[in-house]
Amino acid sequence: MNRFTAVAAVGLAVAIAALLGWRMVNPPSYISVSSWFAQPVATLGAAAPGFDISAESCGFCHAEAHGEWSSTIHAGAWRDDFFQIDWRRGGANPICRNCHTPLDRQQERTADPARFGDGWNAAAIPNPAFEPALRQEGVTCAACHLRDGVVYGPLAGLAAPHPTAAWSNPNVACVRCHAPRNNDWDAMLRTPPCGTASEVLRASGADPAAGAVEDRFLKDNPVANLAALRCVECHMPAVTRPLVAGGAERPGRRHLWRGGHDLATLRAGLQVHFAKTSESAGETRFTLTLVNAGAGHDIPTGVPNRRLTVTLQTLDAAGQALETQEHVLERRTLGRPFVVDLWDTRLRPNAPRVFTLTAPAGKAAAVEAVVRYWLMRPIDRDRFDYRQEIAQEIFRARIPLPPAAHTN
């Protein structure tokens with residue numbers, strides 16, 4: 001190696017070390033802050049509505065929808081303990097509030113257009129129009145329904161005390177927060193942790209660019225093929241009821257959005273089958289089959305703290321474990337120095353996952369299978385000092401073995 005080559009190699013090594021060190025201190029963004037996501041939903045200035053946009057005001061007429069919304073994670077998106085802990089530990093990035101408090105007047109500080117940079121690390125400036133009470137409403141009614149002073153929904157031309165318009169497809173209200181991408185050079189994962197829409201399109205085989213339409217509700221729609229998403233069709237059950245008290249009954253949807261925090265929704269999304277599959281003189285074999293049959297996206301979806309665990313055990317006559325298998329289905333990502341997917345073992349839609357347990361003859365009295373859904377790993381709970389329950393048991397079954405199989 002000549003002197004020039006040696007100097008170049010040293011220079012390259014120093015440059016790489018400097019880049020890695022810089023990225024450890026200033027990690028890259030998990031999402032590309034696109035034009036459609038860079039700023040909160042406008043309700044001020046030219047976009048200001050001529051009516052009160054609080055959820056309480058909306059609920060005066062739409063009492064049933066308001067009552068349902070009040071019970072949801074959307075309503076508590078700002079107050080959620082895990083979000084608050086994670087957000088503050090991550091530097092209280094102002095961009096995160098564009099999902100958890102989407103309206104401009106919900107934000108105490110907003111991103112400074114003059115010092116926006118890549119958006120993810122934008123500087124924040126005070127917001128004189130901030131309304132503390134409105135911030136507490138999280139993903140409030142206006143966040144989904146209000147654009148440019150007009151209330152959007154499935155119907156237009158209603159006799160309402162505010163302007164109304166019909167959106168092209170109701171799933172347009174979901175993609176602002178659930179369809180981010182990451183096209184940055186230093187991000188090796190293109191579907192961020194909150195990119196559920198991308199998972200749906202991948203599973204459906206739909207072309208995200210197909211069926212593009214001019215959409216006034218979201219001027220720069222990141223997902224053209226809205227009909228393929230079916231977010232609303234799954235998470236907002238159909239209902240026939242009056243839109244307002246005393247009104248005519250009409251088809252509508254419940255404002256529930258049940259997901260990973262709801263045991264009934266989790267069980268509806270998964271098919272679990274545990275049974276004996278073969279038997280010989282020396283052993284009995286059992287299989288547990290898991291199928292994501294009820295969700296168009298991966299299970300779990302959302303933040304990568306979530307996981308499924310499968311526990312398979314052989315038990316003695318006293319119910320004590322003789323052998324234990326633990327399988328973890330999760331997505332793990334690395335956030336610095338680069339954004340990288342480490343592994344992804346989650347359940348893809350309609351793709352069975354099979355786990356096998358063998359019980360040797362003469363030892364086990366029973367076999368057992370347990371499937372649990374975790375909102376976060378135990379290590380995350382301890383690290384964040386999170387006090388809420390983090391695991392829900394989706395399935396448990398115990399199959400006794402014939403006495404001859406466990407006699408000495």
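Starting from 1, each residue takes its place in the sequence as its number.
In this structure the side chain of R381 reaches within 4.5 angstrom of the side chain of M376, judged on heavy atoms. V175 is listed as a side-chain neighbour of L229, based on a closest heavy-atom distance under 4.5 Å. T356 is not listed as a side-chain neighbour of F286, based on a closest heavy-atom distance of 4.5 Å or more. The closest side-chain heavy-atom distance from Y152 to R147 is below 4.5 Å. With a 4.5 Å cut-off on side-chain heavy atoms, R250 and L155 count as touching. Within the 4.5 Å cutoff, side-chain heavy atoms of R353 are placed close to those of L329. Taking the side chain as every heavy atom from C-beta outward, V367 and K276 never approach each other to under 4.5 Å. Side-chain contact between I53 and P49 is present, with heavy atoms from C-beta onward closer than 4.5 Å.
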Stepwise side-chain hydrogen bond (donor to acceptor under 3.5 Å, both in side chains) test for D262 and Q392: CA-CA 9 Å; D262 182 66; Q392 299 201 69; over 6 Å; no
Working for side-chain hydrogen bond (donor to acceptor under 3.5 Å, both in side chains), residues T43 and R105: CA-CA 7 Å; T43 68; R105 61 180 84 184; 2.7 Å; yes
Derivation of the side-chain contact (heavy atoms from CB on, under 4.5 Å) call for V370 and F395: CA-CA 6 Å; V370 182; F395 174 87; over 6 Å; no
Criterion side-chain contact (heavy atoms from CB on, under 4.5 Å) on R396 and R372, from CA distance to verdict: CA-CA 9 Å; R396 178 184 291 267; R372 294 183 178 91; 3.3 Å; yes
Stepwise side-chain hydrogen bond (donor to acceptor under 3.5 Å, both in side chains) test for H273 and Q271: CA-CA 7 Å; H273 182 67; Q271 290 180 356; over 6 Å; no
side-chain hydrogen bond (donor to acceptor under 3.5 Å, both in side chains) assessment of E249 paired with T240: CA-CA 6 Å; E249 289 197 348; T240 299; over 6 Å; no
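In this structure, CZ in R135 is found 14.0 Å from OG1 in T140, a value given to the nearest 0.5 Å. H261 NE2 to Q388 CD: the interatomic distance, rounded to the nearest 0.5 Å, is 9.0 Å. Put simply, CG on L288 and CD on E368 are 11.5 Å apart, with the number rounded to the nearest 0.5 Å. One finds the CG atom of L357 at 9.5 Å from the OG1 atom of T277 (value rounded to the nearest 0.5 Å). With rounding to the nearest 0.5 Å, the separation of CG in D104 from CG in N98 is 10.0 Å. Note that CG of N127 is 5.0 Å distant from OG1 of T110, once rounded to the nearest 0.5 Å.
Nearest heavy-atom pair across E323 and T358 is OE1-O, 3.9 Å. Closest of all the heavy-atom pairs between I394 and R267 is O-NE, 2.9 Å. For the pair A228 and V200, the tightest heavy-atom approach, listed with the atom from each and the gap, is O-CG1, 3.5 Å. Closest approach of Q106 and L134 over heavy atoms only: NE2-O, 2.9 Å. The two atoms that bring C99 and C177 nearest to each other are SG-SG, 2.8 Å, heavy atoms only. Contact record, V139 with W69: O-NE1, 2.8 Å, taken as the closest heavy-atom pair.
Looking only at distances, no side-chain donor or acceptor of R348 sits under 3.5 Å from a matching main-chain atom of D298. Between the side chain of D80 and the backbone N or O of I73 there is no donor-acceptor pair closer than 3.5 Å. Remark: the backbone N or O of N93 is not paired with any side-chain donor or acceptor of R97 at under 3.5 angstrom. In this structure, the side chain of R331 does not engage the main chain of P304 through any donor-acceptor pair within 3.5 Å. Not a single donor-acceptor pair under 3.5 Å links the side chain of D341 to the backbone N or O of T333. At distances below 3.5 Å, at least one donor-acceptor pair connects side-chain atoms of H62 with backbone N or O atoms of L243. No donor-acceptor pair closer than 3.5 Å links the side chain of E326 to the backbone N or O of T309. Under a 3.5 Å cut-off, the side chain of H255 and the backbone N or O of R253 do form a donor-acceptor pair. Not one N or O on the side chain of Q320 forms a donor-acceptor pair closer than 3.5 Å with the backbone of L315. Under a 3.5 Å cut-off, the side chain of T72 and the backbone N or O of L256 do not form any donor-acceptor pair.
Donor-acceptor pairing under 3.5 Å is recorded for the side chains of Q325 and H327.
At most 12 heavy atoms of other shown residues, nucleotides or ligands fall within 6.0 angstrom of atom CZ in R387. Counted within 6.0 Å of CD1 on I379, heavy atoms from surrounding residues, nucleotides or ligands total 12 or fewer; the atom is thus considered open. The local environment of CD in E56 is sparse, with at most 12 non-hydrogen atoms from other residues, nucleotides or ligands closer than 6.0 Å.
Between R346 and the choices H297, E330, E199, the side chain to side chain donor-acceptor pair (under 3.5 Å) rule is met once, by E199. The one candidate from V291, L290, N292 that meets the side-chain contact (heavy atoms from CB on, under 4.5 Å) condition with I299 is N292.
Salt-bridge formation is not detected for the pair D86/R89: no Lys NZ or Arg NE/NH1/NH2 atom is positioned less than 4.0 Å from an Asp or Glu carboxylate oxygen. A salt bridge links E68 to R241: at least one charged side-chain nitrogen sits closer than 4.0 Å to a carboxylate oxygen.
Using cut-offs of 30° and 60° on the angle between ring planes, the pair H145 and W167 is parallel. A parallel orientation is assigned to the rings of W87 and F83, their planes being inclined by less than 30° (bins at 30° and 60°).
Residues W257 and H74 place their aromatic rings such that the two centres sit under 6.0 Å apart.
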